[in-house]
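Read through the structure below, which is laid out as structure tokens, and then see the notes.
Naming convention: chains lettered A, B, ... in sequence-line order (proteins, then strands); numbering from 1 in each chain.
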Number of protein chains: 2
Amino acid sequence: MSGPPDIDDQLLRGLLDTLVMDLLREGPNYGFGILEALGERLGEDAGIVKESTLYPLLHRLADRGYLASHQEPGDRGRPRRYYRLTDEGQEFLGTRLAEWRRVAGLLDRTLLRSPGLPTSTS
Amino acid sequence: MSGPPDIDDQLLRGLLDTLVMDLLREGPNYGFGILEALGERLGEDAGIVKESTLYPLLHRLADRGYLASHQEPGDRGRPRRYYRLTDEGQEFLGTRLAEWRRVAGLLDRTLLRSPGLPTSTS
DNA sequence: TCGGTTTACTTTACGCTACAAGGTAAGTGG
DNA sequence: CCACTTACCTTGTAGCGTAAAGTAAACCGA
């Protein structure tokens, strides 16, 4: 039960923002809640997004106008900052999803056509 | 007919090495040849890999032992440096392809489950 | 010998983002 | 005031893709 190996950072670049924004379509959420929700969505790959990645990411997206935020008290401890998708954010998300589809399609056609090509060294 | 918009850099990270190594399964190739071959493979997305991206990439992979190279004269001009996959490289490529499949699968399940979801609130 | 041409490879500086590690902040209850 | 809980923030580092410009090695004709 060692779990799956960690995914290479580089492979996640430019994907995490899409992942987070997509999650926010379900409704506003805050830092810890987002991490938790991603853990549920991704199952075995929980922890794919790190805390020190998420917060700067949220700030970037907010700076660009894709997210808006407000504070709200929690049950205990420091109040939470909830983020929600803006209209601009939804539009941006749409283009990111389309881009993902294009790239994924491209690579499926090129990379995955011969899953275990044996080496053809002859 | 402006062609497809450029793909975000970030989305390509950690993918280009896989793309190049996969191409080299077809046989040894050199810088310009690789660029050309990728252009053919990717069709409309020709130029997805830039010259100033490819050469450092080849050097990295060679430093790590995944590629080996030798020089050979071309028809005209400077001689070419051909790269080929080493055994280590083939193994590495296998893990990268598996990783790609895992990530692509994850995102297909989470991101793409509602292709054009208009906001689905309610 | 010397440019000029073709082909191919190299280098520099920069920007973005993921991360680890550690810190800070704002509540509650003793 | 202090400890505890929950949540957020910051600093520094590293990797990789890119534009722009430069270098290198072959051949050619005058």
- prompt: According to the salt bridge (charged side-chain N to carboxylate O under 4.0 Å, His left out) rule, which pairs have a member within residues 5-18 of chain A, sequence neighbours left out?
  reply: A:Asp8-B:Arg96, A:Asp17-A:Arg96
task: Please report the closest heavy-atom contact between B:Leu54 and B:Gly31, naming both atoms and the distance.
output: CD2-O, 3.4 Å
query: When the distance from CG of B:Leu19 to C1' of D:dC16 is rounded to whole Å, what number comes out?
result: 15 Å
query: Considering only heavy atoms from C-beta outward, does the side chain of A:Leu15 approach that of B:Val103 to under 4.5 Å?
result: yes
task: Quick one: label A:Gly74 by what it contacts on the DNA or RNA (base, sugar-phosphate, nothing), any heavy atom closer than 4.0 Å.
output: nothing
- prompt: So, for A:Arg25 and A:Leu97, which heavy atoms are closest and what is the spacing to 0.1 Å?
  reply: NH1-CD1, 4.4 Å
- prompt: In whole angstrom, what separates B:Leu54's CG from D:dT18's C1'?
  reply: 13 Å
field: Close side-chain approach of A:Leu107 to B:Trp100, heavy-atom, < 4.5 Å
entry: yes
- prompt: Phosphate oxygens OP1/OP2 of D:dC9: is one of them under 4.0 Å from a side-chain N or O of A:Tyr55?
  reply: no
Shortest non-hydrogen contact between A:Leu11 and B:Glu99, atoms and distance: CD2-CG, 4.0 Å
- request: Take B:Asp8 and B:Tyr30, find for each the nucleotide of DNA chain C with the closest heavy atom, and name the residue whose nucleotide sits nearer the 5' end.
  value: B:Tyr30
- prompt: What's the CD-C1' distance between A:Glu72 and D:dC8, to the nearest Å?
  reply: 16 Å
- request: Using chain B heavy atoms and a threshold of under 4.0 Å, write down where along DNA chain C the contacts begin and end, 5' to 3'.
  value: C:dT6 to C:dT17
- request: Please identify each residue that fulfils side chain to side chain contact (heavy atoms under 4.5 Å, CB included) with B:Tyr30, with sequence neighbours left out.
  value: B:Phe32, B:Arg80, B:Tyr82
query: Whole-Å distance between D:dT18 C1' and B:Arg13 CZ?
result: 10 Å
task: Assign a letter to each nucleotide of nucleotides 19-30 of chain D from its 5' end: B, base within under 4.0 Å of a protein heavy atom; S, sugar-phosphate only; -, no contact.
output: BB---BBB----
message: What's the closest nucleotide to the side chain of B:Thr53 if the choices are D:dC16, D:dG17, D:dA7?
response: D:dG17
statement: A:His59 NE2 to D:dC9 C1', in whole Å, measures 7 Å
Nucleotide D:dC16, atom C1' - distance to CG of B:Leu15 in whole Å: 13 Å
For residues 61-78 of chain A, please give each side-chain donor-acceptor pair under 3.5 Å, one per line with the distance, not counting sequence neighbours.
{"unit_1": "A:Ser69", "atom_1": "OG", "unit_2": "A:Arg81", "atom_2": "NH1", "d": "2.9"}
{"unit_1": "A:His70", "atom_1": "NE2", "unit_2": "A:Glu72", "atom_2": "OE1", "d": "2.8"}

statement: Contacts of A:Ala98 meeting side chain to side chain contact (heavy atoms under 4.5 Å, CB included) (sequence neighbours excluded), chain-then-number -> A:Arg101
query: What is the distance from CG of B:Leu58 to P of D:dG17, rounded to the nearest Å?
result: 11 Å
